[in-house]
Colleague: 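For reference, the structure I am asking about is given below.
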Amino acid sequence: MIKESSNDKTKSNYVFVDIEKKEIEKILKRYPKTRAESAVLPLLHLIQKKVGGWLPVPELERAADILKMPYMRVFEIASFYTMFNLKPIGKNLLQLCQTTPCWLRGSDDIKKCIKEKLKINNGETTKDGLFTFLEVECLGACVNAPILQVNDDYYEDLDYNSTKIILNKLENNNSLKSGSFLGRKSSEPKKNSVKN
Amino acid sequence: MIKLMINEIEVEIPEGVTVLQACEIAGVEIPRFCYHERLSVAGNCRMCLVEMENSPKPIASCAMPASSGMIIKTNTELVEKARKGVMEFLLINHPLDCPICDQGGECDLQDQAMFFGKGFSRFEDLKRAVPDKNMGPLIKTTMTRCIHCTRCVRFANEVAGVDNLGAVGRGENVEISTYLEKTISSELSGNLVDLCPVGALTSKPYAFAARPWELEKTETIDALDSTGSNIRIDSRDGKVLRVLPRLNEYINEEWISDKTRFGIDGLSKQRLDNPLLRVNGKLKSTSWENAFNFIKHNINGLSSKQFGAVIGDQVDTETIYSLKKMFEKIGSDKISLSQYDHKFFKGNRSNYLFNSTIAGIDKTDVILLVGSNPKIVAPIVNARIRRNYLQRDIEIASIGSYKNNLTYDYKYLGSNINILNDLLNGSNNFIETLQNSDFPMIIIGDEVFDLDESENVQFMCIELLKKLNAFRSDWNGYNILNNTASIVGSLDILNEYTGITHNQILDQCKENKLKFLYLLGVDEVDYDYLDAFIVYQGHHGDKGAHKANVILPGSAYTEKSGIFLNLEGRLQICERAVFPPGNSREDWAIIRALSEVIGKKINFDTLEELRKKMFDEYPKIQSFKQESFNPIPKKGVLKNCSSYNLLSFKKNFYMTCPITRCSNTMAECSKFA
């Protein structure tokens with residue numbers, strides 16, 4: 001992980017993404033001045049969004065400079081959370097929950113579908129740059145397990161076939177409704193739901 | 001004081017300690033990996049679990065504050081089971097490669113596995129492997145062995161003041177690494193090797209050199225800088241293999257600098273091991289007798305005023321005393337205190353000492369650095385300043401050639417010495433901070449010593465401290481940060497006696513007034529252009545030996561018993577760890593023998609006799625904790641410092657003496673510095 005990120009573009013020929021000062025100040029304002037480090041997570045999220053889903057090393061250093069933190073502290077934080085990506089990702093970031101409830105409800109099938117269809121393993125990106133697959137821990141939606149998160153949206157109550165449909169639609173850029181694939185409204189009991 | 005029960009014995013402990021410390025006071029040993037007395041508490045290894053009554057689970061004793069009425073048990077079945085469980089988890093990913101691990105024999109994990117290890121493994125999956133990291137020329141890494149105690153990370157952050165070490169990743173994938181795998185740039189990085197409880201961080205220069213049980217251990221002190229760190233030298237077959245710190249709360253606590261620890265490989269290179277004579281421009285090896293007779297022959301007919309001598313950087317006090325005795329007999333007072341042109345006031349001893357003492361830094365509240373860079377000159381002192389900066393938030397300001405990185409924030413007042421005038425007449429606003437301080441400290445360093453106005457600057461600082469009432473029975477805020485091991489001894493013995501400075505020696509040699517020059521381990525100055533008859537006594541073939549007509553091989557600080565006075569004026573005796581090579585002799589004995597041959601015999605025959613005579617003549621060198629705190633400068637005229645910028649002395653921390661200049665390790669370090 002460390003080697004991979006250090007191989008990124010060096011600071012000298014890297015062009016910083018454009019972030020308005022106002023946006024940064026808005027985040028910093030939320031925390032006391034003496035505890036500016038607290039703003040590190042929202043700031044990294046903001047930068048990651050602007051860059052396109054990942055955090056290049058020079059951007060990490062920029063965040064550290066803004067917050068007057070040592071580079072290593074920011075790097076430790078960015079490497080700790082699975083929400084931050086330290087290498088470039090595809091257009092669609094597939095995050096599959098691997099924790100017990102999802103696993104019991106069949107997350108292995110979803111994994112199988114992704115591997116068969118996209119031919120990528122955990123942490124890899126497809127050659128066309130459309131998909132990146134990550135196995136993650138609990139996404140906090142166990143009631144609708146199993147869960148697949150695609151970029152910012154949750155797709156719930158999945159199985160092998162429904163995953164295939166989702167991947168196809170994403171590949172062809174078709175519109176896709178997020179939420180329960182069984183049509184459940186939030187986490188209502190399953191027997192009331194209508195299959196779509 | 002609070003009372004609590006440990007293993008059914010009532011113990012009384014001071015408030016504010018942890019359960020682990022309480023157990024320690026009670027004499028109960030608690031196994032631990034991540035806990036270290038001098039670092040913050042992490043509580044992540046879980047090895048120190050103990051049972052506490054009314055707690056459903058065992059508690060981590062290192063992180064639990066002890067409180068009144070606690071009932072702690074460390075010898076129950078639950079504790080035993082918990083520790084065994086923790087050990088089993090720690091060993092899951094540990095490679096168990098003890099036979100090829102340098103930590104073997106002095107490894108915390110190895111020792112504790114003997115008590116709590118299962119003896120067999122129930123783990124059937126593959127162990128994880130971690131790529132090794134590059135941490136520079138001093139630290140060898142085998143990161144698969146790491147158990148993530150984070151002692152190294154905490155040391156780097158808290159003590160060394162380098163923030164590029166950290167734990168990257170999460171859970172099973174955690175790796176300890178430097179930021180983007182750059183080297184650790186700290187003068188204290190060698191201590192990471194001591195801190196690591198397993199064999200993940202080991203010493204690179206000492207790799208595969210020896211096993212701890214084969215080594216002969218000598219408790220001694222270090223002479224490579226002026227701090228006088230307490231060390232233990234480990235040697236085998238007459239060769240110094242490694243240096244480890246020895247606990248001394250008043251000086252180095254339990255750290256030593258990288259120079260102290262790793263400079264020793266220079267001890268076996270470029271050594272002078274036989275007396276040498278220069279005949280027709282070429283050096284010829286000879287016997288001691290011939291060498292002495294050659295000197296005797298060449299000084300025939302010289303008048304006493306034509307004799308001069310210079311004291312080097314690592315000369316023990318006994319040798320300085322012997323040389324002074326010989327020169328007394330000869331009738332010359334032309335001995336230079338050092339090879340630099342540093343000027344200190346004569347008279348009171350506190351004119352040239354670190355009077356507040358190193359431990360006194362724990363008491364001070366404001367420090368003013370005047371032309372000094374403690375990070376380079378005395379990293380151990382600097383680490384203590386940093387600790388107080390972090391824990392007690394002391395104010396620090398500096399007047400110096402430029403703003404150095406000192407591992408702590410400080411107010412940079414500028415580079416001009418007339419800032420001292422401003423402070424004295426109150427026009428610089430830092431004076432308010434100084435006036436509000438109960439224990440102000442001024443530390444004067446290298447950049448001042450070389451100035452023409454050096455004495456004036458020192459005098460201004462004394463005046464300033466007088467104004468701040470910093471000379472009291474309980475505090476002396478005047479501190480000189482000397483940079484060599486021998487300078488305080490040299491000042492103690494020669495300051496009243498000598499009538500010459502080093503520059504004057506060079507001038508008189510050029511004017512042919514000095515015809516005989518005795519160099520005692522002098523290696524920083526070029527004497528190539530001088531015509532005088534030069535005798536060099538020392539241990540390395542460096543600059544001093546270059547021009548010498550006669551070379552007398554002496555011994556290095558690891559090869560003799562000798563007294564060194566550290567920058568505080570603290571008397572410490574270094575002991576012989578190994579014998580000097582070849583025909584080399586102890587330095588005081590060489591001078592004693594030479595004095596007899598040239599007919600100026602000095603009157604002692606053993607080291608004990610010498611020491612007794614020296615202590616009788618100079619009782620002050622035994623009087624650490626001065627009887628009089630108030631330094632009285634000889635010149636009493638206060639002149640304003642003229643407008644003069646301090647010049648930088650860009651010094652290489654790693655190579656400051658012939659020993660370290662010969663060291664491959666130090667050469668590697670200088671490349672990265």
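Letters A, B, ... are given to chains in the order of the sequence lines, protein chains preceding strands, and every chain is numbered from 1.
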Colleague: Which heavy atom of A:S79 sits nearest a heavy atom of B:G169, and at what distance?
Modeller: OG-N, 2.8 Å
Colleague: If you draw a 6.0 Å radius around OH in A:Y81, do more than 12 non-hydrogen atoms from other residues or ligands fall strictly inside?
Modeller: no
Colleague: Heavy-atom count around B:K411 NZ within 6.0 Å, excluding the residue itself: above 12?
Modeller: yes
Colleague: Does atom NZ of A:K26 have more than 12 heavy-atom neighbours from other groups under 6.0 Å away?
Modeller: no
Colleague: How long is the span from the CG atom in B:N164 to the CE atom in A:M72, to the nearest 0.5 Å?
Modeller: 7.5 Å
Colleague: For the pair A:F75 and B:Y179, name the ring-plane relationship: parallel under 30°, tilted 30 to 60°, perpendicular over 60°.
Modeller: perpendicular
Colleague: Going by the rule side chain to side chain donor-acceptor pair (under 3.5 Å), which residues pair with A:Y154 if we only count those two or more places apart in sequence or in a different chain?
Modeller: none
Colleague: With no hydrogens and no angle check, is any side-chain donor or acceptor of A:E76 less than 3.5 Å from a backbone partner on B:A167?
Modeller: yes
Colleague: What part of B:V153 lies closer than 4.5 angstrom to a heavy atom of chain A: side chain, backbone, both or neither?
Modeller: side chain
Colleague: Counting only heavy atoms not in B:E172, do more than 12 fall under 6.0 Å of its CD?
Modeller: no
Colleague: Taking all atoms of both residues into account, what is the closest heavy-atom pair of B:D163 and A:R73, and its distance?
Modeller: O-NH1, 4.1 Å
